[in-house]
Amino acid sequence: MNVNLINTFRQACGAVFFVLWAFPAMAAPNALQGAAPDFKLSNLQGKVKTLNDYRGHVILLNFWASWCPPCIEEMPLLQELHTQYKDMKFTVIGINVDEDPDSAREALKNLKYKDGKPVKVTFPILLDSDNKITERYKVGAMPSTFVIDNKGNWRFLHKGYKPGYIEKYRKDVKKLIREKS
């Protein structure tokens with residue numbers, strides 16, 4: 001066999017391996033594997049919560065900020081999703097990344113549905129003011145939404161938000177609720 005052809009083949013395989021290694025999301029868009037890292041964060045009332053506190057539930061973990069218009073736009077939709085599926089061992093957890101927790105409180109206080117009615121967020125809001133959990137989860141876009149199965153494994157990732165994404169979330173959540181243990 002031609003030595004140049006073999007070397008070209010090896011280089012091509014090496015390049016493909018590097019791309020798949022360095023950029024795994026390109027290999028499997030929106031799919032994740034393995035256990036989601038546990039964390040300890042305070043909620044808005046100062047009570048410490050962990051991811052493991054919600055073991056047995058399908059979790060939609062949403063990283064958001066008060067200064068992020070798409071984050072604020074999707075918040076009422078996340079509340080609707082939480083309300084729709086909460087009785088099926090599902091919860092939304094919002095992780096706010098603002099340095100000042102009062103920014104999160106103010107943003108939540110001013111949330112409105114498109115018809116102008118106020119939104120009362122009933123799902124847990126946790127505070128990551130020092131961004132340690134944000135870094136651990138390698139959040140690179142605001143908002144970023146991870147969907148975690150009832151065994152604590154992360155399964156899906158959605159970066160950013162555009163109208164219609166809630167249907168993607170709903171599809172992921174329904175799939176994982178149906179899986180059960």
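Please read all numbers here as calculations on a predicted model, not as lab measurements. Side chains included, hydrogens not; waters and symmetry mates left out as well; all remaining heavy atoms used.
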Side-chain contact test, heavy atoms from C-beta onward, threshold under 4.5 Å: evaluate it for [X] versus [Y] and give yes or no.
X: K168; Y: H158; result: yes
X: L41; Y: I133; result: yes
X: C68; Y: Y161; result: no
X: W67; Y: D98; result: yes
X: I166; Y: L78; result: yes
X: N52; Y: R55; result: yes
X: T91; Y: Y85; result: no
X: E73; Y: P163; result: yes

Whether over 12 other heavy atoms sit under 6.0 Å from E99 CD: no
Residues K175, E179; criterion salt bridge (charged side-chain N to carboxylate O under 4.0 Å, His left out); working and verdict: CA-CA 6 Å; K175 175 183 179 355; E179 283 182 8; 3.2 Å; yes
Rounded to the nearest 0.5 Å, what separates atom [atom1] in [X] from atom [atom2] in [Y]?
X: K171; Y: F156; atom1: NZ; atom2: CZ; answer: 8.0 Å
X: H82; Y: T122; atom1: NE2; atom2: OG1; answer: 4.0 Å
X: L51; Y: W154; atom1: CG; atom2: CH2; answer: 10.5 Å
X: D102; Y: K109; atom1: CG; atom2: NZ; answer: 10.0 Å
X: K49; Y: N43; atom1: NZ; atom2: CG; answer: 7.0 Å
X: T50; Y: D38; atom1: OG1; atom2: CG; answer: 4.5 Å

F63/T145 under side-chain contact (heavy atoms from CB on, under 4.5 Å): CA gap, chis, key distance, verdict: CA-CA 6 Å; F63 287 82; T145 303; over 6 Å; no
T83 and its side-chain hydrogen bond (donor to acceptor under 3.5 Å, both in side chains) partner, picked from E80, Q79, K86: Q79
L81/F90 under side-chain contact (heavy atoms from CB on, under 4.5 Å): CA gap, chis, key distance, verdict: CA-CA 9 Å; L81 190 67; F90 166 75; 4.2 Å; yes
Worked check of side-chain contact (heavy atoms from CB on, under 4.5 Å) between I95 and N62: CA-CA 6 Å; I95 297 186; N62 178 263; over 6 Å; no
Could you tell me which non-hydrogen atom of [X] sits nearest to which non-hydrogen atom of [Y], and how far apart they are?
X: I93; Y: L126; result: CG2-CD1, 3.7 Å
X: I72; Y: A65; result: CD1-O, 4.2 Å
X: K112; Y: G116; result: CD-O, 3.3 Å
X: V48; Y: D53; result: O-OD2, 4.4 Å
X: L44; Y: L127; result: CD2-CD2, 3.8 Å
X: Y54; Y: P124; result: OH-CG, 3.4 Å

Working for side-chain contact (heavy atoms from CB on, under 4.5 Å), residues K89 and I177: CA-CA 8 Å; K89 292 200 164 201; I177 287 173; over 6 Å; no
Donor + acceptor pair across side chains of S66, E106 (<3.5 Å): no
No-hydrogen, no-angle side-chain donor-acceptor test under 3.5 Å, Y169 and E74: yes
ring-ring contact (aromatic ring centres under 6.0 Å, His included) between Y137 and F146, worked out: CA-CA 9 Å; Y137 274 74; F146 296 84; 5.2 Å; yes
Under-4.0 Å salt bridge between R170 and E167: yes
